[in-house]
Amino acid sequence: MSEKPKRMKVKIPADNPIVCYMDKHGLRIVLAIKNKDKLDIMKAENAILLRLTIPNEHVPKLMYLTARRTLALFIRAKAKPVKPKPKEVDIEEIFGKAKEISTEEVEAEDLASLIK
Amino acid sequence: MVFEKYLIQITDVRIPDIIYATFPDIVQNTELLEKVVKAWRLGSDSEYAQLYFAKHDVGVILTKLTNYRVITDKKIIVVTLANGFKCYIPLELFGNVDIETLIEYLKLPMQITVKHVKGVLVADEIKLPTLQTSEDIAKEIVEEIGFLNAILVSYGILPTREMIFLYLPRIMLLLRGFRTPYEKTPYYPIHVLQFTAPNSGKTHYAVRTSECFNYEYMGGELPSLTRLVYDARSGAIGSVGLRDGVILDEFDKKTANDMVKLTTDLRALLTGMEQGIWSRSVGSKGIEIRKFVNMGFFGNIPPFLKGENNRDKVINYYGISGIDAFIDRITVIDIWTMHINIADYLIYKIIPNYILRGIVSLLMRHLKAEELEVEIQKGRIERHAMNIKSVLKALSVNISDQVIAYIAEGKYSFELLYRSTPDATMKEKVFPEYEHLKLIKEKVLR
């Protein structure tokens with residue numbers, strides 16, 4: 001805590017859904033803004049979704065800032081785990097690798113033709 | 001007897017009877033049967049598939065696609081198989097066919113030779129069945145023992161009085177109905193909810209139906225709209241897009257999670273069941289599937305049901321907003337309190353799928369919109385009663401219009417009908433084809 005971080009004012013209406021989660025980059029806050037007029041956080045004009053990443057090294061400090069209570073509340077009361085998007089498979093790679101595999105191991109009898 | 005010729009004896013009870021029904025020609029060929037069972041397990045049993053692909057790079061699977069999406073620029077279909085694996089299928093494997101045919105192909109059970117690469121499967125070869133529907137054989141069997149007996153025997157059930165009334169609502173689920181009495185061809189979905197005591201063969205029926213017809217069986221937890229309609233994350237089309245019917249088992253289970261899910265999903269279910277419009281909008285993505293799909297809801301009878309009639313009982317049981325509109329859309333709400341041990345009625349013989357499909361398709365052609373000649377509540381209930389009467393008439397079950405009206409309104413159940421129809425009057429008054437029971441018993445219980 002050598003350098004004093006800037007104070008950050010966070011005042012968010014209660015009906016705005018907020019998702020907080022931690023990942024390797026730090027604390028991420030995703031805020032869906034329902035009513036922009038009520039919102040008093042940064043300049044989120046024309047934004048419908050605000051994404052905020054607080055780098056790891058700042059997280060412990062932030063907890064002691066003005067926003068700490070709000071953040072703690074987010075985490076305790078509103079935070080829910082966000083499922084990461086399924087990783088897209090590299091199609092070229094898997095088809096490339098599949099080509100190297102021989103199908104000799106299996107006898108491909110036509111079982112489908114037996115389905116009645 | 002004709003039907004006797006097509007009966008298949010289940011010789012190994014460890015093999016599910018759907019294998020016997022789907023592969024009737026190889027039941028005597030144990031070597032081939034073993035290969036089929038292995039490929040079928042690999043396609044549907046996730047534990048078996050995971051262990052198999054941990055040891056092998058290549059496999060042959062028999063499966064049905066549960067949902068799919070198309071990577072348009074790569075011309076690849078990504079499907080989630082019943083065994084839980086993702087499978088990448090190049091479109092070229094289906095041959096150069098038009099879109100309509102391709103859509104039909106994707107509904108079929110299929111044999112896929114797959115390679116296991118980095119935790120996913122890559123299709124190398126696809127073999128499709130030429131699904132037959134034998135109406136000729138079906139006609140011979142129906143002329144001999146009638147529709148209802150033929151369907152029950154096909155499912156491996158002895159058509160006794162109990163089974164006839166227990167299975168009537170279930171059989172309705174296989175058929176389509178009418179929206180108005182002026183329509184000639186049945187197309188409108190029939191939805192059925194049946195709660196019975198455990199061990200009455202609901203799951204057995206649902207599984208066989210899903211293998212024989214283009215239906216999806218969803219046991220266990222209540223499916224999400226993601227699985228049912230559309231997955232916005234992966235872009236995959238769900239069951240209602242692929243199937244003609246969906247059967248949800250264990251619908252009586254009421255965990256807090258299920259109730260939240262049901263409350264939020266009801267809106268989509270309501271328009272889907274009534275108008276055939278299944279829509280989802282997640283974030284900025286929206287999708288709409290327009291299709292009529294029969295919905296079946298099966299469950300064990302809950303310990304406490306309060307209400308004046310079956311419809312009220314189920315509404316009170318769930319007690320969530322919008323449930324009354326949902327129940328209103330269901331053609332038959334059937335509640336059986338009597339304990340029935342299905343094992344007492346199993347004949348361990350079945351009629352293959354292609355004949356069962358023939359019987360049902362023949363039955364569909366016999367359906368005619370039949371209006372009730374008694375006073376009945378207007379609206380959906382009137383339509384439900386018309387569809388119940390149409391089906392019962394096609395099955396040669398004679399029940400008075402007043403009783404049909406009560407069944408549609410939920411004031412009367414098929415169990416009460418069973419209790420109020422003694423064996424002696426069954427043949428004369430309710431079901432003339434009941435006379436075949438003795439003969440069927442002789443032939444199947446040998």
Side-chain angles (χ1 to χ4, degrees), chain A residues 12 14-21 23 28-36 39 44-53 77-116, chain B residues 19 21-26 29 32-33 35-36 38-40 56-62 71 73-74 76 78 86 88 90 108-134 211-212 231 233-234 283-284 352-357:
Chain A
I12 296 160
D15 59 346
N16 281 299
I18 291 156
V19 177
C20 294
Y21 62 101
D23 64 9
R28 290 176 182 267
I29 301 172
V30 182
L31 178 66
I33 301 166
K34 274 187 181 170
N35 189 344
K36 275 188 290 174
L39 197 76
E45 273 174 41
N46 302 323
I48 55 157
L49 198 73
L50 182 75
R51 288 170 199 276
L52 184 70
T53 302
K78 292 192 173 183
K80 57 175 182 180
V82 169
K83 286 181 199 162
K85 272 200 167 181
K87 270 188 193 167
E88 271 302 325
V89 175
D90 185 344
I91 290 168
E92 313 288 342
E93 190 192 348
I94 60 158
F95 272 86
K97 287 207 168 167
K99 266 187 193 162
E100 293 165 16
I101 301 171
S102 151
T103 53
E104 274 174 26
E105 194 191 322
V106 294
E107 295 169 54
E109 254 175 291
D110 192 355
L111 302 176
S113 66
L114 302 168
I115 297 177
K116 289 283 175 76
Chain B
I19 298 278
T22 317
F23 299 88
D25 297 344
I26 57 161
N29 185 341
L32 207 50
L33 195 60
K35 278 185 186 167
V36 164
K38 192 180 153 196
W40 180 78
H56 303 273
D57 286 338
V58 193
V60 175
I61 60 176
L62 282 168
I71 306 176
D73 57 335
K74 309 265 186 213
I76 287 171
V78 188
K86 251 190 186 167
Y88 290 75
L108 293 174
M110 56 184 84
Q111 176 186 339
I112 318 178
T113 305
V114 290
K115 294 172 177 177
H116 181 244
V117 185
K118 293 187 104 181
V120 298
L121 303 176
V122 177
D124 190 63
E125 193 184 8
I126 284 190
K127 290 191 173 106
L128 294 162
T130 42
L131 278 194
Q132 300 166 4
T133 298
S134 181
E211 292 297 324
C212 180
D231 184 351
R233 278 150 63 91
S234 68
S284 55
N353 285 348
Y354 70 102
I355 302 178
L356 177 55
R357 275 194 295 272

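Naming convention: chains lettered A, B, ... in sequence-line order (proteins, then strands); numbering from 1 in each chain. From a predicted model like this one, the values you see are computed outputs, not experimental measurements.
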Enquirer: Less than 4.5 Å to any heavy atom of chain B: does that hold for the side chain of A:Glu92, its backbone, both, or neither?
Expert: side chain
Enquirer: Assess the residue pair B:Leu32 and A:Leu111 against the criterion (side-chain contact (heavy atoms from CB on, under 4.5 Å)); give the C-alpha distance rounded to whole Å, side-chain angles, the decisive distance to 0.1 Å, and a yes or no.
Expert: CA-CA 9 Å; B:Leu32 207 50; A:Leu111 302 176; 4.3 Å; yes
Enquirer: Could you tell me which portion of B:Ile126 (side chain, backbone, both or neither) has an atom closer than 4.5 angstrom to a non-hydrogen atom of chain A?
Expert: neither
Enquirer: Is it the side chain or the backbone of A:Ile91 that comes within 4.5 Å of chain B heavy atoms, both, or neither?
Expert: side chain
Enquirer: Check each atom of B:Asp57 against the heavy atoms of chain A and say whether the ones under 4.5 Å are side chain, backbone, both or neither.
Expert: both
Enquirer: At their closest point, which heavy atom of B:Arg357 faces which heavy atom of A:Lys116, and how far apart are they?
Expert: NH2-C, 3.2 Å
Enquirer: Look up atom CG in A:Leu114 and atom CG in B:Leu33, then write down how far apart they are to the nearest 0.5 Å.
Expert: 10.5 Å
Enquirer: Is there a donor-acceptor contact under 3.5 Å from the side chain of B:Lys127 to the main chain of A:Asp110?
Expert: no
Enquirer: Given heavy-atom pairs under 4.5 angstrom as the criterion, report whether the side chain, backbone, both or neither of B:Leu108 touches chain A.
Expert: neither
Enquirer: With rounding to the nearest 0.5 angstrom, report the CD1 to CE distance, A:Ile115 to B:Met110.
Expert: 9.5 Å
Enquirer: So what's closer than 4.5 Å to chain A heavy atoms on B:His116: side chain, backbone, both or neither?
Expert: backbone
Enquirer: Grab the two heavy atoms, one from A:Ala112 and one from B:Pro129, that are nearest each other, plus how far apart they are.
Expert: O-CB, 3.2 Å
Enquirer: Where does B:Leu62 contact chain A at under 4.5 Å (heavy atoms): side chain, backbone, both or neither?
Expert: side chain
